[in-house]
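For the numbers below, each heavy atom of this structure counts, side chains included, while hydrogens, waters and symmetry mates do not. FYI, the numbering just counts along the sequence from 1. Atoms within a ligand are numbered from 1 in the order they appear, just like the ligands themselves.
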Amino acid sequence: MNSVVKWILFLFVLVSLLLNVILIGIYSSRAPKCSSQRTHSLRGKHDERSRVFADLTRDEYLQVQRYMLKQKDLDISTRQLTKPSENFLFLIELSLPKKVDVLSYLDGGASKPVREATVVVFYGSKGLIKEYVVGPLPNPTYHQDVTVKRYKTELPFNARTVTIGEYELLFQFLKKELFGKLPELMKESFGADKKLNPFEQMPRGLQSGDRKTWVSFFRDMSGMYIHPVGFEVLINHMSLNESEWKVEKLLYNGQYFDTVKELQQKYAAGSVKRIIYKETPDYGSLKPKNKPLQLSPLQYYTEGKRFSVSGNHVLYLDWSFAFGLSSLTGMRVFDVRFKGERIAYELSVQEAMSVYGSVTPGMIITKFLDSSIGIGRFAHELVRGTDCPHEATYVDTYRYIDVKSSVRARNSICIFEHNFGQPLRRHFSDFFSNSYGGMVNSALVFRTITAIGNYDYMWDFIFYQSGSVEIKVHATGYISSSYLVNGSLKHGHQVAENVLGNIHTHFINFKVDLDVLGVKNVFQTKDMEFVNVSVPWMPNR
Ligand SMILES: *[C@@H]1O[C@H](CO)[C@@H](O)[C@H](O)[C@H]1NC(C)=O
Ligand SMILES: *[C@@H]1O[C@H](CO)[C@@H](O)[C@H](O)[C@H]1NC(C)=O
Ligand SMILES: *[C@@H]1O[C@H](CO)[C@@H](O)[C@H](O)[C@H]1NC(C)=O
Ligand SMILES: [Cu+2]
C-alpha cells in the first residue's frame, strides 16, 4: 500500500518536472529578446525641412570663413592668437530665419528661406565690434553689417569677450609683471615651482567701457576652484597695446596694496601677515573614494528604439521636433509637434546667470552672464553610461567661436528614452469594485551638458507621452570659492581649511514660444483674484 503511494508520488513529480521543462522551453522562445533593431515601425516621418533650424555644417563654416577672408578691405585674421589690436573673426553661427518666413515655408508651401550666417568680427584696428549677416549659404555672395539694426547702436570695443589671443597675453603679463616681481613671496606663500591658476571675475569693472578684471589665484590641483590661495589682483587691460596694461590693486591674505612694488617691499620688511605654504589634501579630486559594491542597474531597449534621429530632426512616438545647439545661448528645439500638431515654435535656453556675495573682491561684485562667453561652446563629449545611458543615441555638433577653423564636439548631444520609475498615471479603484489602470512613464530625453568654468549644467528637454514637455537644468561641477579672511563667514560657509564656499544664486532664462492652435497665443498676466460667492441653496450666506 505504502509503496503504491510512493510510486504515484514519484510519477507525479516526474511528470510535473517534464511539463515544466517543456513549458519553459515553449515560453522562453516567445519572450521578447533585446534587440537593437526596431521591431515596430515609427508613427511619423522625418521632415527634411527641419534643416532650416540646423546649425551650420563644417563645410558651411568653411565657406563663410573663406568668403570673409576674401574681403581684403575688411583685413580680418583667423589666427588663434590674434592680438586685441588686430581684427579677429570671432564667431560664425546660423542666423535664424524669421519665424514668419519659416512658417510660410513649413505650412504655406512658400519657398525655403535663404540660409544665412551671423558673423562677429572684433575690429581692434577700428575699436569696434561688427556683426554681419553673410549669405546665401552654402556659397556666400554678400555680407551686410547688421550691428546697428540688431543693437540700435554701434558696439564699444571693450564690450567684447576676452579671446584666447588676449588670455595668452594676460598670462604672459601675470608671469612677467606679477609672479616675476614677487619671487620671495611666491616661493614662501605658494610653494617653490608650484603653478598658480587664474580664475577671473565678471563684470570687468563698475561702469560701461571698463576692462578691469579681478583675477583670483588657485592651486594647480584637480578641482582648483576650491583651492584658493589668498591672492587676488585687479588688472586693467583696457588698452589694445598690452605693454600699457597695469596691476591696479592687489589683495594678499585679506590686505590691500596699490602696486606690486608696495606688496613686495612691505613683504620684505615684514609688515605683512604672511601665508606660509603647506601641502593641501586632494579633497577636490573626482576619483571615486570607494569601490562600488557591484554594477548599478541598466536600462535597455527590448524591441529597439521607439525614436529616430535624422539630421537635426527627432521622431518619438507622437512627437517630432527639430534641434540645434547655439554656441552662444545653448540648446534649442523648434517646431515641436505632438500628434502632428505644432504646440511650440521654439523652446530655447537664453541665459545662465550666477550672482555672488563675498567680502573679498574676487567674488564681491561677481555676476557671471554665461551667454556673454558662450554656453553651447562648452558642450563637450558625453560619457556613455554616466552622462547618458549606454544605449542613447549620440550626436556630434560643430561650432566656430574663438577658433581658427570650426571644431567638432563629438557625441555632445544625447537622446534616449528612459523609464522614470513612477507611473505616468494610475488609479486603483477600491470603492464598489476593484480595478486598476496604469501607464508606464517612459519619456524621451534630449540632453547636452555644458562645462562653463567650474559649473557643469545639464540641460534636459523631456518629452512625455501625455503631450507635455519639461525643461530641466541641473547644476553640478564645483562651487566657486574664496580664501577665508576676517569677515568671510557672512558670505557663505567654510568648506575646507581657509576656504569659503561663497553664497550665490543661479538664474536660468528660457525662451518659450508656444503655438497651441496657431500663433496667436496670449499670456494672461492679470493677477488671480479670490471672490466670495454664495452657494445657490443658501443665497444669503
Ligand atoms: C605700446 O606701448 C608702449 C609703451 O607705452 C610703446 O613703447 C609702444 O610703442 C606701443 N606700441 C604700439 C604698437 O603702439
Ligand atoms: C575682524 O573684523 C572685526 C569686525 O570688523 C574686527 O572687530 C576684528 O578686530 C577683526 N579681527 C582681526 C583678527 O582682524
Ligand atoms: C470673503 O468673506 C470673508 C468673510 O466675510 C471675508 O473675511 C473675506 O475678506 C472675503 N473675501 C473677499 C475676497 O472678499
Ligand atoms: Cu551654484
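- Side-chain N or O atoms of Thr163 include one that pairs as donor or acceptor with a backbone N or O of Glu166 at under 3.5 Å.
- Put simply, atom 14 (O) of ligand 3 has protein non-hydrogen atoms near it, under 4.0 Å away.
- Listed by number with element, the atoms of ligand 1 under 4.0 Å from a non-hydrogen atom of Ser243 are 1 (C), 2 (O), 3 (C).
- The aromatic rings of Phe416 and His418 lie perpendicular to each other, with more than 60° between the two planes, well past the 30° mark.
- Looking at Glu248, its side chain never comes within 3.5 Å of a backbone N or O of Lys212 through a donor-acceptor pair.
- Heavy-atom contacts of Glu244 reach the following atoms of ligand 1: 2 (O), 5 (O) (cutoff under 4.0 Å).
- Phe321 and Phe463 have parallel rings, their planes meeting at less than 30° on a 0 to 90° scale where 60° marks the start of perpendicular.
- For atom 2 (O) of ligand 1, a protein heavy-atom neighbour is present inside the 4.0 Å cut-off.
- Side-chain rings of Phe90 and Phe122 approach one another, their centers coming within less than 6.0 Å.
- Angle NE2(His504) to the Cu ion (ligand 4) to NE2(His506): 100° [nearest 10 degrees].
- With respect to atom 9 (O) of ligand 3, the closest heavy atom belonging to the protein is Asn532 ND2, 4.7 Å.
- For atom 11 (N) of ligand 3, the nearest protein heavy atom lies closer than 4.0 Å.
- Heavy atoms only, all atoms of each residue included: Leu484 and Leu489 are closest at CD1-CD2, 4.0 Å.
- Note on Ser480: not counted as a metal contact of the Cu ion (ligand 4), no N/O/S atom lying under 2.8 Å.
- Every atom of ligand 3 is numbered from 1 in the order shown, and the set under 4.0 Å from a heavy atom of Phe530 is 13 (C).
- Contact of the Leu169 side chain with the Trp245 side chain is registered, since non-hydrogen atoms from C-beta on lie closer than 4.5 Å.
- Asn241 ND2, 3.7 Å is the protein heavy atom nearest to atom 8 (C) of ligand 1.
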